[in-house]
Amino acid sequence: MKYDFNKIEAKWQKYWAENQTFKAVNNSEKPKYYVLDMFPYPSGAGLHVGHPLGYIASDIYARYKRHKGFNVLHPQGYDSFGLPAEQYAIQTGQHPAITTAENIKTYRRQLDQIGFSFDWSREVRTSDASYYKWTQWIFIQLFNSWFNNDTNKAEDVSTLEAVFASEGNTNVNAVCDDNIEVFSAKDWNAKSSEDKQKILLQYRLTYLAETEVNWCPFFGTVLANDEIVNGVSERGGHPVLRKKMTQWSMRISAYAERLLQGLETIDWTDSLKESQRNWIGKSVGASVSFNVLANNENDSHVEPVEAPHVIDVFTTRPDTVFGVSFMTLAPEHELVSKITTPEQKSEVDAYILATAKRSERDRMADVKTISGAFTGAYAEHPFTKEPIPVWIGDYVLAGYGTGAVMSVPCGDERDYAFANHFNIPIINIFDGVDISESAFSDKDKTVIGNSDFLNGMNYKKATKRAIYELEQIGQGEGKTNYRLRDAVFSRQRYWGEPFPVYYVKGMPQMIDAAHLPINLPEVEKYLPTETGEPPLGNATVWAWDTEKNEVVSNDKINDTTVFALELNTMPGWAGSSFYFNRYMDPENPNEMASKEAMDYWQDVDLYIGGSEHATGHLLYSRFWQKFLFDKGVVPVDEYAKKLINQGMILGTSAFVYRIDKINFKSEKDGSPFGWYELEKTIIVSKETRSNKDFIKELFKETLAANNSLDKKSYDYVVGNYDEYKVNITFSSLHVKVDYVNASDELDVEALRLDSEFGKEYVDAIFIGEKGEVIKGNNDVYKVGREVEKMSKSKYNVVNPDNIVSDYGADSLRLYEMFLGPLEQYKPWNTAGITGVHSFLKKLWKLYADDNGLKVTDATPTKDNLKTLHKTIKKVQEDIENFSFNTSVSTFMIAVNELGAQKCTSKDILEPLLILISPYAPHISEELWSQLGYEGSISTVDFPTFDASHLVESSKNYPISFNGKMRFTMELPMDMSKDEIEAAVLANEKTQEQLGGRTPKKVIVVPGKIVNIVG
RNA sequence: GCUGAAGUGGUGGAAUUGGUAGACACGUUGGACUUAAAAUCCAAUGUCCAUUAGGACGUACGGGUUCAAGUCCCGUCUUCAGUACCA
């Protein structure tokens, strides 16, 4: 009986599929357990070995829980809307649905061959109409809701309308747009339908508004904040501009506080929670209003006018309000044009223009340079009534707070630098602090002075008092500010969910949920229209007939009952924000999931996925869950109890080093002699790159021989080598890791023939470590190595298909786990897989040899039992701590020990199989059935640990002298402290170590160690 | 700058509460088997000194606590990740 892993794995994968072994039921006697993976976007490149890491870990856990008697839900699906399929469609004309379906097929094949215990009957695809029906449905629910600050939850818009009709909006405490008009019930009832709709839109949880968005010209679409990294797009690194557009937004800011508080209740990693906290960015302080003084040109004296402009600022330090010596507005602030004096206009305009020209990136890269301009205007200090100059400066961001700050140079580094740069006076309001060198911002040590009613107070007291005084004069109040911005929800793309929205007189209308889904229309091409509309503008059948309640041809729009549909589509995160709920009841045509299903499954017990989604998916999905909870749709307001971030598996790239240029310079005066464009590509090795002598050899043996240099130059260089400085520039070029063996040796001939690299290497000269030219098969060229992210462009991608066919899925699973801790980043090295592969072969040999099964009914020995129970204990602990790498080691030790013990006992080998089954399910199933069992091993009870088998009668004590271990001594466990001490001191080795001296002290820790202090 | 995580052989990594540092593998070297190769098996493998016996050093660096420190405390350096003029 041979371990034919390919045959065994195919057999059991077929068995699991045919018997629906891992199908979860929505009610059961067993306790429930929900293990979720972040579903993949099915890219055209397929899976590489890095992708399944988290899936393997979650699969082990799911299988373990089944052994432990749980009803396990372990689903998988596809986040199948997205940019790459659309980019591909633009290039080839191929419908993204076709590309996506093909990619999913590849993914499914690859996932199946790794032997996951997914319940595929629950598969979801976000691009399926039967799925996005519910994405659209949730959108409608959001549109029909507003956030009531009094109840701290979302409520139906109809309640808001009722309040408006009966008492206006003065008493409504809602999260809504900033500049909302105040109206009475009478006002409201007198308004036209359009006006009412406009006002309601300012309250809805998803709303249409002209907002400044991140526009990416390359993709022709807007991007969310979390899709931008360092001022460029996360995908592809394309530039991003600020642009004003009318877009759908999600009022996630309404949930800022609850998103923050909710973090306390869930078991997610600290770093991830910290990321979300930073992203939410709560700061507590006050808003303060400053009245702008009217400018009297004939007099330097200034005084307020009747209806002055008001500059609102947010500050975390209201206690320093007496230290304000100027104000700074963001250059984009709307008041700038209104308050700038004629004399300052040209300067201010020039500054605004200069700032607008600077890209976001420049602005971020250059934070040190201080720049700004004086508007000529003054504002009045709320307490001292002194005039305060109003400046603009780009260190104040339009997007944060109110886009304006009260500048307190004595207490803020940036204000300090700004004041110094422009010679603005600095007022010191801190007792006993020298601010001649820098600002003082230590809240804890603050004692306020020179500040009227705040004198002598500490930070806490002064803050409270300042807010109280501001409230008294109606020029401020306590306020909490969040960095979290509302999320733009429109994308100018084709391959996304269509909105269930049509427009009447410019106002958005929801299609009744009964008519969902609104299917994505067909278009001729996937690019924006000539008039700059999104791709859906190309659809000819894309209008809503309000009588027939169906999508009809655009040319009917002139009918009074047919209206234009929304042309934007939803962003990538829409579909992924509730999929974990849909898995609970994925085929339900009437509800997102039935109440019974959601009440049964409740929430995800274990969620595994990448940390790159910290401020995107993992925040948006928590937001939607809280909203759905408010609406009574879902039973819990946090959907994932525990979340683990798997680390990335990195690729080990292979490099060759190409000579780009050779420069010669005189050693004497540095004057250049020239440089050579090389006729042939020359590839040197990592070592020769830094070896000066090789250059000489290079010229002698290679360049001259290949006529790369003319004779004169050759003589010149080689003959007078010492007189010339030779500078060589190299390029490090990625080559395919497939052509490199375990010893880093490159298959040069294969590389030459690879058309993917063009003609680059066909005639290239390869030079080895010692400067020798690589000719035959005996010469060795070693590549350079570097650990990088796995990516196609770096030619370092390792495909799991090859690993599975060469070593088997069980080897792949074990090896991915064996590589290191789950959360850690670690490099992939295919060569190492032989270790786990030979472990599986050894495991097999424990059960069977050429003559067949060798398992017997022999009574297990004490050693057998000890090995087994020690393994049960360790593996169980490891799985529960998600320390999968150490359990693989434990299995290896167990198999090595049982092999040495020549164990054939059924009572040992059967439980061992169950232990290994979550990790290596195929081999376990096969041996389990060879042992004569019917059906799958997957639900067999996990072996019970019996501590009595681990009780030792003696201990091999390490004997230390002054903390240094010298030798060991076997002593009975039941010896008393004194007996141990006596026994150790009596030992001749002890006497030898002491050399006649008497020990000062002897430390005996029974069962652990003996330390003799001399 | 701030926040978080980490730093252990040639490599990936082990090491419960402070208690034999380097488990388990990879790689390397030597050996067995073989006509040969593959596969398999055995042995060695932190560094340095020593023929051996044995010894010294050793968990980024410098201190400290302790009978005993990879683990605890103080300081420094480095790397990775996130974030950044957040008022």
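Order of the sequence lines sets the chain letters (A, B, ...), proteins ahead of strands, with each chain counted from 1.
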If the C1' atom of B:rA56 is compared with that of B:rA50, how far apart are they to the nearest Å?
-> 11 Å
Rounded to whole angstroms, how far apart are CD on A:E788 and P on B:rA81?
-> 12 Å
In chain order, what residues pass the salt bridge (charged side-chain N to carboxylate O under 4.0 Å, His left out) check against A:R966, with sequence neighbours excluded?
-> none
Which part of the nucleic acid does A:N896 contact within heavy-atom distance under 4.0 Å: base, sugar-phosphate only, or nothing?
-> sugar-phosphate
Rounded to whole angstrom units, what separation is found between the CD1 atom of A:I388 and the P atom of B:rA87?
-> 20 Å
Whole-Å distance separating the NE2 atom of A:H613 from the P atom of B:rG82 = 13 Å
OP1, OP2 of B:rA87 versus side-chain N and O of A:S283: anything below 4.0 Å?
-> yes
Toward the 5' end of RNA chain B, which comes first, A:T968 or A:A404, by nearest nucleotide?
-> A:T968
Between C1' of B:rU40 and OH of A:Y3, the distance in whole Å | 17 Å
Contacts table for residues 811-821 of chain A: side-chain donor-acceptor under 3.5 angstrom, sequence neighbours left out:
unit_1 : atom_1 : unit_2 : atom_2 : d
A:S811 : OG     : A:Y807 : O      : 3.0
A:S811 : OG     : A:H837 : ND1    : 2.9
A:R813 : NE     : A:Y919 : O      : 2.9
A:R813 : NH1    : A:D59  : OD2    : 3.0
A:R813 : NH1    : A:I114 : O      : 3.3
A:R813 : NH1    : A:G115 : O      : 3.0
A:R813 : NH2    : A:D59  : OD2    : 2.8
A:R813 : NH2    : A:P918 : O      : 2.8
A:Y815 : OH     : A:N829 : O      : 2.6
A:E816 : OE1    : A:L53  : N      : 3.4

Looking across every strand, which nucleic acid part, if any, lies under 4.0 Å from A:T834 by heavy atom: base, sugar-phosphate, or nothing?
-> sugar-phosphate
Plane angle bin for A:F314 and A:Y400 - parallel if under 30°, tilted between 30 and 60°, otherwise perpendicular | perpendicular
Return no unless some side-chain N or O of A:R966 is found under 4.0 Å from OP1 or OP2 of B:rA56.
-> yes
Which whole-number value in Å describes the distance from A:M965 CE to B:rG22 C1'?
-> 13 Å
Identify which nucleotide among B:rG4, B:rC85, B:rU40 has an atom closest to any side-chain atom of A:Y395, counting heavy atoms from C-beta outward.
-> B:rC85
What pairs of nitrogen or oxygen atoms, one from the protein and one from nucleotides 11-18 of chain B, lie under 3.5 Å apart?
unit_1 : atom_1 : unit_2 : atom_2 : d
B:rG12 : O2'    : A:L819 : O      : 2.5
B:rG13 : OP1    : A:Q824 : NE2    : 2.8
B:rG13 : O3'    : A:N885 : ND2    : 3.4
B:rA14 : OP1    : A:N885 : ND2    : 2.9

Please work out if A:K841 contacts a base, only the sugar-phosphate, or nothing of the nucleic acid, heavy-atom cut-off 4.0 Å.
-> sugar-phosphate
Sequence neighbours left out, what passes salt bridge (charged side-chain N to carboxylate O under 4.0 Å, His left out) with A:D415? Give chain and number order.
-> none
For A:E970, side chain to side chain contact (heavy atoms under 4.5 Å, CB included) partners two or more places apart | A:S954, A:N956
Pick the C1' atom in B:rC24 and in B:rA14, then give their distance to the nearest Å.
-> 7 Å
Rounded to whole angstrom, note down the C1' distance from B:rU71 over to B:rG19.
-> 11 Å
Between B:rG9 and B:rA60, how far is it from one P atom to the other, in whole Å?
-> 8 Å
Output yes when at least one side-chain N/O atom of A:R414 is less than 4.0 Å from OP1 or OP2 of B:rC86, else no.
-> yes
Taking only nitrogen or oxygen atoms into account, show me every contact under 3.5 Å that the protein makes with nucleotides 66-74 of chain B, one pair per line with its distance.
unit_1 : atom_1 : unit_2  : atom_2 : d
B:rC67 : O2'    : A:N1011 : ND2    : 2.9
B:rC67 : O2     : A:N1011 : ND2    : 2.8

Show your reasoning for whether side-chain contact (heavy atoms from CB on, under 4.5 Å) applies to A:V313 and A:F290.
-> CA-CA 8 Å; A:V313 303; A:F290 290 76; 3.9 Å; yes
is_close_aromatic(A:F418, A:Y416), centroid dist under 6.0 Å | no
If you measure from the P atom in B:rA23 to the same atom in B:rU11, how many Å do you get, rounded?
-> 15 Å
Syn within 90° of 0, anti beyond: B:rG55 is anti
Which value, in whole Å, describes the distance between the P atoms of nucleotides B:rA5 and B:rC73?
-> 13 Å
With rounding to whole Å, what would you report as the distance between B:rG70 and B:rA21 at their C1' atoms?
-> 7 Å
Just compare B:rC86, B:rG4, B:rA25 and give me whichever is closest to any side-chain atom of A:M892.
-> B:rA25
Looking only at side chains, do A:S283 and A:N481 share a donor and an acceptor under 3.5 Å apart?
-> no
Tell me which nucleotide among B:rG19, B:rA87, B:rC41 gets nearest to the side chain of A:T315.
-> B:rA87
Nearest-angstrom distance from the residue atom CG of A:N278 to C1' of B:rC86 | 11 Å
Separation of the P atoms in B:rG18 and B:rG27, to the nearest angstrom | 37 Å
Nearest-Å distance, CZ (A:F961) to C1' (B:rG19)?
-> 16 Å
side-chain hydrogen bond (donor to acceptor under 3.5 Å, both in side chains) filter on A:T867, not counting sequence neighbours, yields A:E897, A:Q901
Applying side chain to side chain contact (heavy atoms under 4.5 Å, CB included) to A:A373 and not counting sequence neighbours gives A:E347, A:V348, A:Y351, A:I392
Taken in chain and number order and not counting sequence neighbours, the residues that satisfy side chain to side chain contact (heavy atoms under 4.5 Å, CB included) with A:N278 are A:E274
Rounded to the nearest angstrom, tell me the gap between atom CD in A:E274 and atom P in B:rU83.
-> 13 Å
